[in-house]
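Take a look at the structure below.
Numbers here are sequence positions counted from 1.
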Amino acid sequence: MAQNLEDVQKLGKEGLDSAVKSLTAVSKGYQAIAAEFVDYTKKSFEDGSAAMEKLATAKSLGKLIELQSDYMKAAYEAAIARATKIGELYSELFKEAYKPYEATFGKLAPAK
């Protein structure tokens with residue numbers, strides 16, 4: 001009976017340790033994602049402001065359209081690049097959050 005109690009306590013401690021490690025990984029992952037969003041927002045605002053200044057100094061309609069097209073293309077490419085990076089950060093977050101549980105779930109898997 002004492003051995004069973006020790007086994008249950010050990011499983012409880014392992015579960016708690018895994019949960020703490022997982023939550024730490026989630027916290028770090030969300031911090032990285034938030035930092036990426038803040039950086040993107042700041043860069044986007046700066047790029048938009050610079051584009052508005054250029055648009056304000058355009059001498060012709062043709063130049064205005066060219067500047068706007070260039071800005072929209074660059075903004076689109078930047079958004080796609082950031083979305084890809086944020087997707088990678090989410091993927092890494094889930095991998096890191098699952099790592100502490102791999103050993104536990106591996107023990108529960110049926111033998112082949």
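With hydrogens and angles ignored, the 3.5 Å screen pairs a side-chain donor or acceptor of T84 with a backbone N or O of I80. Remark: the backbone N or O of Y101 is not paired with any side-chain donor or acceptor of S18 at under 3.5 angstrom.
When hydrophobic residues (I, L, V, M, F, W, Y) are linked wherever their side-chain heavy atoms come within less than 4.5 Å, the members clustered with M72 are Y71. Apart from L23 itself, the hydrophobic cluster it occupies contains nothing, where clustering links Ile, Leu, Val, Met, Phe, Trp and Tyr at side-chain heavy-atom distances under 4.5 Å.
With sequence neighbours left out, the side-chain hydrogen bond (donor to acceptor under 3.5 Å, both in side chains) criterion links E96 to K99. Considering only residues two or more places apart in sequence or on other chains, K43 meets the side-chain hydrogen bond (donor to acceptor under 3.5 Å, both in side chains) condition with D47. Qualifying side-chain hydrogen bond (donor to acceptor under 3.5 Å, both in side chains) partners for K54, counting only residues two or more places apart in sequence or in other chains: none.
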Distance-only check: which donor-acceptor pairs under 3.5 Å involve side-chain atoms of residues 31-41, not counting sequence neighbours?
residue: E36; atom: OE2; partner: R82; partner atom: NH1; Å: 3.0
residue: D39; atom: OD2; partner: R82; partner atom: NH1; Å: 3.0
residue: D39; atom: OD2; partner: R82; partner atom: NH2; Å: 3.0
residue: T41; atom: OG1; partner: F37; partner atom: O; Å: 2.8

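L55 contributes atom CG, which lies 11.0 Å from atom CD1 of I65 (distance to the nearest 0.5 angstrom). A distance of 13.5 Å separates CD1 in I86 from OG in S91, rounded to the nearest 0.5 Å.
The heavy-atom pair separating V26 from L93 by the smallest distance is O-CD1, 3.8 Å. For A97 against A25, the heavy-atom pair with the smallest separation is N-CB, 4.0 Å.
M52 and L61 fall within the same hydrophobic cluster, where Ile, Leu, Val, Met, Phe, Trp and Tyr residues are linked whenever their side-chain heavy atoms come under 4.5 Å apart, directly or through other members. Under the 4.5 Å side-chain heavy-atom criterion for ILVMFWY residues, no single connected hydrophobic cluster contains both F94 and Y98.
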Starting from the C-alpha separation in whole Å, work towards a yes-or-no answer on side-chain contact (heavy atoms from CB on, under 4.5 Å) for K42 and E46. CA-CA 6 Å; K42 181 180 174 187; E46 290 169 355; 3.3 Å; yes
